[in-house]
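To keep things clear, I will list the structure first and then write my remarks on it.
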Amino acid sequence: MAAKYERIANELRAKIRSRELGPGDQLPNEQQLVADYRVSLPVVRQALDVLESEGLVDRLHGRGTYVRAPRQRVRRTPERYQWEKDRVLLSGAQRGRTGATEKDTGLTMSDLEFSARYDTVYADEDLAAVFKLPVGAKLLRRRYSTRSRQERAPISAVVSYLPYDQAAENPALLEESNEPWPGGTQHQLYTVGIELDCIIDHITTRPPGPEEVEELDLRPGVSVFCLRKVSISTTGAVVEVSDVVLPGDRTEFVYTTTLARWEKGGQR
C-alpha cells in the first residue's frame with residue numbers, strides 16, 4: 001500500500017501528465033492540499049518534494065507551487081556515430097543543415113544556441129593513459145555548450161580533447177571561431193586524414209557538483225550521467241576523448257544489440 005505522500009504525489013503527477021494541470025498552472029496551496037487529502041502539512045510537503053525532485057513543479061517562496069514546463073529531452077543511441085560518419089563525405093552544404101544534437105533532440109538548428117571555447121592543456125595521468133601519450137603531452141581542449149533557445153540551461157556540458165600536434169596539421173581546427181563545424185568532430189578528423197574505426201562509450205552516474213547544479217539547472221536529488229567517449233582510428237590510435245555530462249532527469253540512452261540467430265531452430 002502506497003504511503004500517504006506517495007498517493008498525493010501520484011495523483012498530482014497524473015494531473016500534470018494528462019495536462020489537467022498545464023505548464024505554468026498553480027497547484028492548490030499547501031493548506032488546501034492538507035484539507036483535500038486529510039493529511040498533515042509534513043505529508044503534503046513530502047509529496048511536493050517528490051514532484052520537485054522529478055522536475056515537474058517549481059516551488060517559489062511566498063508565491064506557491066507551479067507546474068514546470070517540460071525540459072528538453074535527449075535520446076542518445078549508438079546509431080548516431082555511424083550517422084555522423086556517413087555525413088563526413090557529404091558536401092559542406094549538406095553537412096551544415098543539421099548535426100548530432102539535432103538528431104538527439106529532434107530540434108532544428110534555428111532552435112539551438114551553440115558556443116565553443118578552445119584552449120591548450122597538458123595531459124594528466126588519466127588522459128595520458130587513455131591517449132597512450134606521455135604525461136604532459138600537449139592537448140587541444142574544446143568546451144562545447146548547446147542549449148534550446150526556450151531554456152536557459154545547456155542540454156549538456158561537453159569537454160573534448162585532441163592531441164595538439166594532430167589537430168595542428170589543419171590550422172583551421174585550432175580556431176574556435178570555426179565552430180560549429182559542419183559535420184562535427186568526425187569531419188574535422190577527416191581533414192587531417194583520420195577515419196574512425198570505432199567509438200567506445202563509458203557511462204557512469206554520480207551526484208552533480210555545485211557548478212554543474214547551477215550550469216545545468218538541476219533539481220535537488222537529480223544525478224548526472226558521465227559519458228566518456230573514446231574515438232579510435234582505423235590505425236588503432238585514440239584520436240579524440242570527450243567527457244560529456246548529461247542531466248539524469250532528461251536524458252535517455254537506448255542501445256539495441258542485434259544477436260546472431262541459431263541455425264535450424266537451435267541446431268548447429
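The figures here come from the full heavy-atom set of this structure, side chains too, leaving out hydrogens, waters and symmetry mates. As the structure is a prediction and not an experimental result, all values here were calculated from the model.
Arg219 and Val57 get closest at one heavy-atom pair: NH2-O, 4.2 Å. Between Val238 and Val130 the shortest heavy-atom distance is CG2-O, 3.4 Å. Nearest heavy-atom pair across Tyr118 and Leu173 is CE2-O, 3.3 Å. Between Gln166 and Val239, the closest heavy-atom pair is NE2-O, 3.0 Å. Contact record, Leu90 with Gln94: CB-OE1, 3.5 Å, taken as the closest heavy-atom pair. Closest of all the heavy-atom pairs between Pro23 and Ala69 is CB-CA, 3.9 Å.
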With side chain to side chain contact (heavy atoms under 4.5 Å, CB included) as the test, would you mind laying out the steps for Ile232 and Ile200 before giving the verdict?
-> CA-CA 8 Å; Ile232 301 172; Ile200 302 173; 3.7 Å; yes

Could you go step by step and tell me if Glu240 and Phe131 meet the side chain to side chain contact (heavy atoms under 4.5 Å, CB included) rule?
-> CA-CA 8 Å; Glu240 190 250 356; Phe131 277 110; 5.6 Å; no

Quick one: do Arg141 and Asp119 satisfy salt bridge (charged side-chain N to carboxylate O under 4.0 Å, His left out)? Show the steps, please.
-> CA-CA 5 Å; Arg141 180 171 62 182; Asp119 62 0; 2.6 Å; yes

List the steps, then state whether salt bridge (charged side-chain N to carboxylate O under 4.0 Å, His left out) holds for Glu212 with Arg206.
-> CA-CA 11 Å; Glu212 293 166 334; Arg206 60 169 171 77; 2.8 Å; yes

Please test Ser148 against Leu107 for side chain to side chain contact (heavy atoms under 4.5 Å, CB included), starting from the C-alpha separation and ending with a verdict.
-> CA-CA 8 Å; Ser148 164; Leu107 299 175; 4.1 Å; yes

Test Asp197 against Thr235 for side chain to side chain contact (heavy atoms under 4.5 Å, CB included), laying out the working first.
-> CA-CA 8 Å; Asp197 179 65; Thr235 65; over 6 Å; no

Please walk me through it: do Asp201 and Arg80 pass salt bridge (charged side-chain N to carboxylate O under 4.0 Å, His left out)?
-> CA-CA 12 Å; Asp201 284 345; Arg80 82 194 301 268; over 6 Å; no

Could you please spell out the steps behind the salt bridge (charged side-chain N to carboxylate O under 4.0 Å, His left out) verdict for Lys103 and Glu84?
-> CA-CA 10 Å; Lys103 180 174 175 59; Glu84 289 179 292; over 6 Å; no

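For the 3.5 Å distance criterion, the side chains of Glu11 and Tyr37 qualify, holding a donor opposite an acceptor. Residues Arg142 and Tyr144 bring a donor and an acceptor atom of their side chains to less than 3.5 Å of each other. In this structure, a donor-acceptor pair under 3.5 Å is present between the side chains of Thr77 and Glu79. Thr105 and Gln72 share no donor-acceptor pair across their side chains, judged by distance under 3.5 Å alone. A side-chain donor from one of Thr108 and Asp111 sits under 3.5 Å from a side-chain acceptor of the other. Side-chain N/O atoms of Gln82 and Arg87 include no donor and acceptor closer than 3.5 Å. No donor-acceptor contact under 3.5 angstrom links the side chains of Asn10 and Glu6, judged on distance only.
To the nearest 0.5 Å, atom CD1 of residue Ile155 and atom CG of residue Leu216 are 11.0 Å apart. To the nearest 0.5 Å, the span separating CG on Leu41 from CG on Leu33 amounts to 9.5 Å. Taking OG1 of Thr191 as the reference point, atom CD of Gln186 lies at 12.5 Å (rounded to 0.5 Å). Atom CD1 of Ile16 sits about 5.0 Å away from atom CG of Leu56, to the nearest 0.5 Å. Between the OG1 atom in Thr251 and the CG atom in Asp249 there is a gap of 7.5 Å [rounded to 0.5 Å]. Annotation: the span from Ser115 atom OG to Arg147 atom CZ amounts to 9.0 Å, rounded to 0.5 Å.
Here the side chains of Phe225 and Ile203 are in contact, with some heavy-atom distance below 4.5 Å. Taking the side chain as every heavy atom from C-beta outward, Leu246 and Arg76 approach each other to under 4.5 Å. With contacts defined as side-chain heavy-atom distances shorter than 4.5 Å, the pair Glu179/Gln188 qualifies. Using a 4.5 Å heavy-atom cutoff, the side chains of Val39 and Tyr5 are not in contact. Counting heavy atoms from C-beta on, the side chains of Val230 and Ile199 never come closer than 4.5 Å. Residues Tyr164 and Thr120 have side chains in contact (heavy-atom distance under 4.5 Å, counting atoms from C-beta outward).
Residues Tyr161 and Tyr122 are members of separate hydrophobic clusters, defined by side-chain heavy-atom contacts under 4.5 angstrom among Ile, Leu, Val, Met, Phe, Trp and Tyr. Criterion: ILVMFWY side-chain heavy atoms under 4.5 Å apart, direct or through other members. Under it, Val159 and Leu140 are not part of a common hydrophobic cluster. Connection of Leu196 to Leu227 is established within a shared hydrophobic cluster, with ILVMFWY side chains joined at heavy-atom distances below 4.5 Å, either directly or through further cluster members. Linking Ile, Leu, Val, Met, Phe, Trp and Tyr residues whenever their side-chain heavy atoms come within less than 4.5 Å leaves Trp83 and Tyr81 in two separate clusters. Residues Val74 and Val158 are members of one and the same hydrophobic cluster, defined by side-chain heavy-atom contacts under 4.5 angstrom among Ile, Leu, Val, Met, Phe, Trp and Tyr.
Scored by the side-chain hydrogen bond (donor to acceptor under 3.5 Å, both in side chains) test, Asp165 finds no partners at all (sequence neighbours excluded).
Within 6.0 Å of CZ in Arg75 there are 12 or fewer heavy atoms belonging to other residues, nucleotides or ligands. Within a 6.0 Å radius of CD in Glu214, no more than 12 heavy atoms belonging to other residues, nucleotides or ligands are found. Counting non-hydrogen atoms of neighbouring residues, nucleotides and ligands closer than 6.0 angstrom, the CZ atom of Arg149 exceeds 12 such neighbours. More than 12 heavy atoms of other residues, nucleotides or ligands shown are found within 6.0 angstrom of NZ on Lys85.
A salt bridge links Arg45 with Glu30: the distance from a Lys NZ or Arg NE/NH1/NH2 to an Asp or Glu carboxylate oxygen falls below 4.0 Å. Remark: Arg68 engages Asp58 in a salt bridge, criterion side-chain N to carboxylate O under 4.0 Å. Ion pairing between Glu102 and Arg97 fails under the 4.0 Å rule for side-chain N and carboxylate O. In summary, Arg228 and Asp243 engage in a salt bridge, as defined by a charged side-chain N under 4.0 Å from a carboxylate O. Under a 4.0 Å N-O distance rule, the pair Asp49/Arg59 qualifies as a salt bridge. Between Asp217 and Arg71 there is a salt bridge, with a side-chain nitrogen of the basic residue lying less than 4.0 Å from a carboxylate oxygen of the acidic one.
A donor-acceptor distance shorter than 3.5 angstrom exists from the side chain of Gln26 to the backbone of Arg63, with no hydrogens or angles considered. No donor-acceptor distance shorter than 3.5 angstrom exists from the side chain of Glu175 to the backbone of Ser177, with no hydrogens or angles considered.
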Distance-only check: which donor-acceptor pairs under 3.5 Å involve side-chain atoms of residues 252-259, not counting sequence neighbours?
none

